[in-house]
Amino acid sequence: KDPAELAAEITKTSGFAADRRAYRVTYLSQFFKLHAQEAWEPTLKTIEEAHGMHSDWLTQIGDMLASRFVRKFDEAEQYYRRALTADPTYVPALRNLTSSFMLSGNHARALAILDEFSNLVENNPDLAMDRAYCLAFTGQVEQGSSAFQAALPRAKEDIDRVEAMSRLL
């Protein structure tokens with residue numbers, strides 16, 4: 001469908017589906033993929049007005065903005081942080097926020113964010129592994145190695161991560 005048709009459809013839809021964030025976020029995703037900025041912004045506004053701040057959809061929007069095709073990391077960070085404001089324990093928002101910076105090569109920024117949310121990092125082995133990786137990648141190899149060794153027993157089996165750390169160390 002044409003982005004304008006999709007925009008009209010989402011605003012006219014009533015009933016159960018219209019009240020679901022997933023339905024609206026799906027449409028938002030379609031506008032995003034079509035680079036339909038004229039439809040993206042009103043749809044985003046509709047979602048915000050109807051659903052307020054929910055960590056899941058805020059994270060999805062951050063993911064769209066941080067995608068490898070768009071790379072609007074500063075805008076994505078705003079949505080991830082809004083998700084963490086709505087639910088300070090929502091690990092997917094923190095994981096995706098730091099991953100976006102790691103993928104962009106800004107490991108120092110990712111490390112600063114992980115340190116800012118140290119309470120979540122302590123309780124999540126994947127975040128602890130990400131922190132170890134960032135430490136090593138920013139030249140703090142000894143601290144990264146120690147953090148990696150501490151997180152390894154609790155982490156999921158992730159051969160790619162283990163191999164990446166091995167190359168750094």
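All values below were derived from every heavy atom in this structure, side-chain atoms included, with hydrogens, water molecules and symmetry-related copies excluded.
Leu135 and Met102 end up in different hydrophobic clusters when Ile, Leu, Val, Met, Phe, Trp and Tyr side chains are linked at under 4.5 Å. Phe73 is connected to Leu84 through a chain of hydrophobic side-chain contacts under 4.5 Å among Ile, Leu, Val, Met, Phe, Trp and Tyr, so both are in one cluster. Under a hydrophobic-cluster definition in which Ile, Leu, Val, Met, Phe, Trp and Tyr are linked whenever side-chain heavy atoms come within less than 4.5 Å, directly or via other members, Tyr90 and Ile61 are assigned to different clusters.
Counting all heavy atoms, side chain and backbone alike, Asp130 lies closest to Leu114 at C-CD1, 3.9 Å. For Ala76 against Gly62, the heavy-atom pair with the smallest separation is CB-O, 3.3 Å. Scanning both residues, Ala83 and Thr59, for their nearest heavy atoms gives CB-OG1, 3.5 Å. Pairing each heavy atom of Leu120 with each of Leu127, the nearest pair is O-CD1, 3.9 Å. Of all heavy-atom pairs spanning Asp63 and Tyr80, the tightest one is OD1-OH, 2.6 Å.
At a threshold of 4.5 Å between non-hydrogen side-chain atoms, the residues Ile113 and Glu77 count as touching. Contact of the His107 side chain with the Tyr133 side chain is registered, since non-hydrogen atoms from C-beta on lie closer than 4.5 Å. A heavy-atom distance below 4.5 Å is found between the side chains of Arg131 and Asp115.
No donor-acceptor pair under 3.5 Å is formed between the side chain of Ser145 and the backbone N or O of Val141. Using a distance-only test at 3.5 Å, with no hydrogens or angles considered, a donor-acceptor pair links the side chain of Asn123 to the main chain of Asn119.
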